[in-house]
Number of protein chains: 2
Amino acid sequence: MNSSRCAACKHLRRRCLSDCIFAPYFPSNKPRRFEYVHKIYGASNVGKILQDLPVRCRGEAAETLWYEAYCRIKDPVYGCAGMVSVLHQQLNVAECQLATVKAEVAALRPAYLCDSSCFH
Amino acid sequence: MNSSRCAACKHLRRRCLSDCIFAPYFPSNKPRRFEYVHKIYGASNVGKILQDLPVRCRGEAAETLWYEAYCRIKDPVYGCAGMVSVLHQQLNVAECQLATVKAEVAALRPAYLCDSSCFH
């Protein structure tokens with residue numbers, strides 16, 4: 001019986017019923033996934049979030065909850081929001097560089113056109 | 001006495017003690033902030049996360065917890081991780097565009113140099 005319990009039911013030391021909300025998304029061979037979401041959100045909050053979603057969305061939701069819990073454990077101050085902030089900065093840098101290089105192309109193009117006309 | 005309770009203690013209908021872990025970060029004039037983190041993480045998990053951090057980091061942690069809770073309420077499937085995914089895609093697009101435009105500059109530069117040499 002024990003071997004068929006999902007990671008959540010194993011962790012919570014309870015029977016894993018056939019309609020267990022966690023079982024499809026927290027398999028027993030990935031115990032860390034449940035430990036992370038349990039530590040950050042608590043089992044009942046994770047269960048509530050999954051329960052409120054259509055079945056087809058629950059897998060993605062479990063995945064993103066796990067990812068956010070993992071980020072929060074790795075970085076308890078900034079969590080996943082810290083990643084959002086870093087990516088915003090990287091995007092700003094890339095967009096500034098793009099604007100600069102586009103301006104460079106615009107400045108070079110007339111010379112290119114002039115040069116082309118020399119040869120034709 | 002009631003008016004001096006923080007948003008957390010008001011929501012949890014309890015006395016707000018002088019050493020309340022929530023009071024500095026969840027003031028009574030911003031009740032939604034606490035409602036969001038309470039709904040997603042539960043008060044005790046938020047309290048534990050804050051308690052485990054040095055006091056100087058707690059403000060930032062409360063801010064990012066609130067942001068992630070807000071994202072999860074707005075988008076229960078993808079939450080803040082959905083934002084990370086969107087930003088990754090935008091960054092990829094910007095970096096591809098940058099590479100393309102840089103290649104364009106590299107292709108135009110010899111023509112520009114040749115053109116400059118025509119005039120000097």
(request) Give a yes or no on whether B/Arg14 atom CZ has more than 12 heavy-atom contacts from other residues, nucleotides or ligands under 6.0 Å away. (result) yes
(request) Measure A/Leu98 against the heavy atoms of chain B and call it side chain, backbone, both or neither at under 4.5 Å. (result) both
(request) Counting only heavy atoms closer than 4.5 Å, note whether A/Leu50 contacts chain B via side chain, backbone, both or neither. (result) neither
(request) Please list, in residue-number order, every residue in residues 69-77 of chain A that has a heavy atom less than 4.5 Å from any heavy atom of chain B; write 'none' if there are none. (result) A/Arg72, A/Pro76, A/Val77
(message) Can you give me the closest heavy-atom contact between B/Asn45 and A/Gly42, atom names plus distance?
(response) ND2-N, 3.5 Å
(request) Flag yes if A/Val46 and A/Val55 sit in one hydrophobic cluster, no otherwise; membership is Ile, Leu, Val, Met, Phe, Trp, Tyr, and two members link when side-chain heavy atoms are under 4.5 Å apart. (result) yes
(request) Go through the atoms of B/Leu53 and report whether side chain, backbone, both or neither lie under 4.5 Å from a heavy atom of chain A. (result) side chain
Can you tell me how far apart [atom1] ([X]) and [atom2] ([Y]) are? Round to the nearest 0.5 Å.
| X | Y | atom1 | atom2 | result |
| --- | --- | --- | --- | --- |
| B/Cys57 | A/Tyr78 | SG | OH | 7.0 Å |
| A/Leu87 | B/Gln89 | CG | CD | 11.5 Å |
| A/Gln97 | B/Gln97 | CD | CD | 13.0 Å |
| B/Ile40 | A/Ile40 | CD1 | CD1 | 13.5 Å |

(request) Examine distances only and state if a side-chain atom of B/Glu95 and a backbone atom of A/Ala94 form a donor-acceptor pair shorter than 3.5 Å. (result) no
(message) Shorter than 4.5 Å, heavy atoms on both sides: which option in A/Val101, A/Asp52, A/Val93, A/Thr100 has the most such pairs with chain B?
(response) A/Val101
(message) Quick check for you: among B/His88, B/Met83, B/Glu60, which has the greatest number of heavy-atom pairs under 4.5 Å with chain A?
(response) B/Glu60
